[in-house]
Amino acid sequence: MPRLSEVITALETLWPVERAESWDAVGTVTGDPDQEVGRVLFAVDPVQEIVDEAVELGADLLVTHHPLYLRGTTTVAASTSKGRVVHALIRNDIALHVAHTNADTADPGVSDALAGALDLRVVRPLVPDTTDPKGRRGLGRVCELDHPLTVRELAARAAERLPSTAQGIRVAGDPEALVRTIAVSGGSGDSLFAHVRAAGVDAYLTADLRHHPASEFAADHAADRSLALLDAAHWATEWPWCELAAAQLDEISDRHGWGLRVHVSATVTDPWTAHAASSDIDTSGAPN
């Protein structure tokens, strides 16, 4: 079996730490570089449920998309939820490695996996990485559909293809407008609205769309109703990357003869657990 340091070196060829945003917290969080790795689990969130799953699975390495401590900490005491995660990882000899914004901009990366889950053809990055001479790395992706769909049909496809969450898919725009091109960005994406406008696409699918940015964006396109917004759950838009990343590590393992057993967690760690739909959508006015 390979040592952790060998597996981490391989992972960092896929998602170099230096390509993460300056504010990000990526890389190896726990683990002895000399420990052997035979089983790996991929997940979106380094939360207790996932650590418990890793323990039950007998995993030696947990790879997550989201950092454990994004803003730093002064304690890992087990009296805190994240401290308990650290204690459980160390107690069970499980290493934790994080690939966040360095996986977002990778080729292939988080948005490639999202596009693949929706059966979209990637054309180019939405926000190209200027350091990539091939023009393939960057945030988000501009994609084409295999055939035009209405916004309503596209939302239904997203609801069917992405993991189920309490939120489902929210839509802003004309449900009957035709979509031929679409921008996608896994995770929170309303900071990319200017790039979406410049891309000239018919729709934009992302997550965590806030009221004011979405309202202003919709108002800018109210006259021609030319650009629809599709808002999915953050966790659901990033989970497909786990399958992509696991396949990449599988290929590396086969090439090196490591014989790693690589798994993807199906545990839903989206924080929202239930949804009560309005009985009738009426935009004519609020109740008195």
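These numbers come from the heavy atoms of this one structure, side chains and all, not from hydrogens, waters or symmetry mates.
- Of all non-hydrogen atoms in Leu126 and Pro128, the two that sit nearest each other are O-CD, 3.6 Å.
- Between the Asp60 side chain and the Val40 main chain, no donor and acceptor come within less than 3.5 Å of each other.
- Here the rule is side chain to side chain contact (heavy atoms under 4.5 Å, CB included) with Asp202, and of Val151, Ile182, Val179 only Val179 fits it.
- Counting only N and O atoms by type, the side chains of Glu53 and Ser265 include a donor and acceptor under 3.5 Å apart.
- At a cut-off of 3.5 Å, with distance as the only test, a side-chain donor of Thr131 or Arg137 sits close to an acceptor on the other residue.
- A salt bridge links Arg255 to Glu251: at least one charged side-chain nitrogen sits closer than 4.0 Å to a carboxylate oxygen.
- Checking side-chain atoms of Thr237 against main-chain N and O of Gly187 turns up a donor-acceptor pair under 3.5 Å.
- Side chains of Leu249 and Phe42 form a contact here, defined as non-hydrogen atoms less than 4.5 Å apart.
- A pairwise comparison of heavy atoms in Ser111 and Arg141 identifies CB-CG, 3.7 Å as the closest pair.
- At distances below 3.5 Å, at least one donor-acceptor pair connects side-chain atoms of Thr206 with backbone N or O atoms of Ser185.
- Taking all atoms of both residues into account, the shortest heavy-atom contact from Gly109 to Trp241 is C-CD1, 4.1 Å.
- Of the possible polar contacts, one joining the Lys82 side chain to the Leu68 backbone as a donor-acceptor pair under 3.5 Å is found.
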Handout entry: Test log, rule side chain to side chain contact (heavy atoms under 4.5 Å, CB included), inputs Trp239 and His65
Key = CA-CA 9 Å; Trp239 184 85; His65 182 51; over 6 Å; no
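- One N or O on the side chain of Thr30 and one on the backbone of Ile94 form a donor-acceptor pair closer than 3.5 Å.
- Counting all heavy atoms, side chain and backbone alike, Leu96 lies closest to Leu61 at N-CD1, 4.4 Å.
- Counted by atom type alone, Thr101 and Asp24 present one or more donor-acceptor pairs between their side chains at under 3.5 Å.
- Using a distance-only test at 3.5 Å, with no hydrogens or angles considered, no donor-acceptor pair links the side chain of His97 to the main chain of Leu62.
- In this structure, Val171 is a member of the same hydrophobic cluster as Leu120, with clusters built from ILVMFWY side-chain heavy atoms closer than 4.5 Å.
- Under a 4.0 Å N-O distance rule, the pair Arg180/Glu144 does not qualify as a salt bridge.
- Using a 30° and 60° split on the angle between ring planes, His256 and Trp258 fall in the parallel class, below 30°.
- Note that CG of Asp45 and CD of Glu238 are 8.0 Å apart. Values are rounded to the nearest 0.5 Å.
- Classification of the His100-His66 ring pair by plane angle, with boundaries at 30° and 60°, yields perpendicular.
- Formation of a donor-acceptor pair under 3.5 Å by the Arg84 side chain with backbone atoms of Ala78 is found in this model.
- With hydrogens and angles ignored, the 3.5 Å screen pairs a side-chain donor or acceptor of Arg39 with a backbone N or O of Leu57.
- Between the side chain of Thr64 and the main chain of Val98, no donor-acceptor pair closer than 3.5 Å is present.
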Practice task
For the pair Val201 and Val196, evaluate side chain to side chain contact (heavy atoms under 4.5 Å, CB included) and give the outcome as yes or no after the intermediate values.
Solution key: CA-CA 7 Å; Val201 293; Val196 174; 3.9 Å; yes
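- Looking at every heavy atom in both residues, Pro16 comes nearest to Asn102 through O-CB, 3.3 Å.
- The two residues Ala95 and Gly31 come nearest to each other via the heavy atoms CB-CA, 3.8 Å.
- A donor-acceptor pair is defined here as one N or O able to donate and one able to accept, closer than 3.5 Å; no such pair exists between the side chain of Thr165 and the backbone of Ala233.
- Linking ILVMFWY residues whenever their side-chain heavy atoms come closer than 4.5 Å, directly or via other members, places Ile252 and Trp15 in the same cluster.
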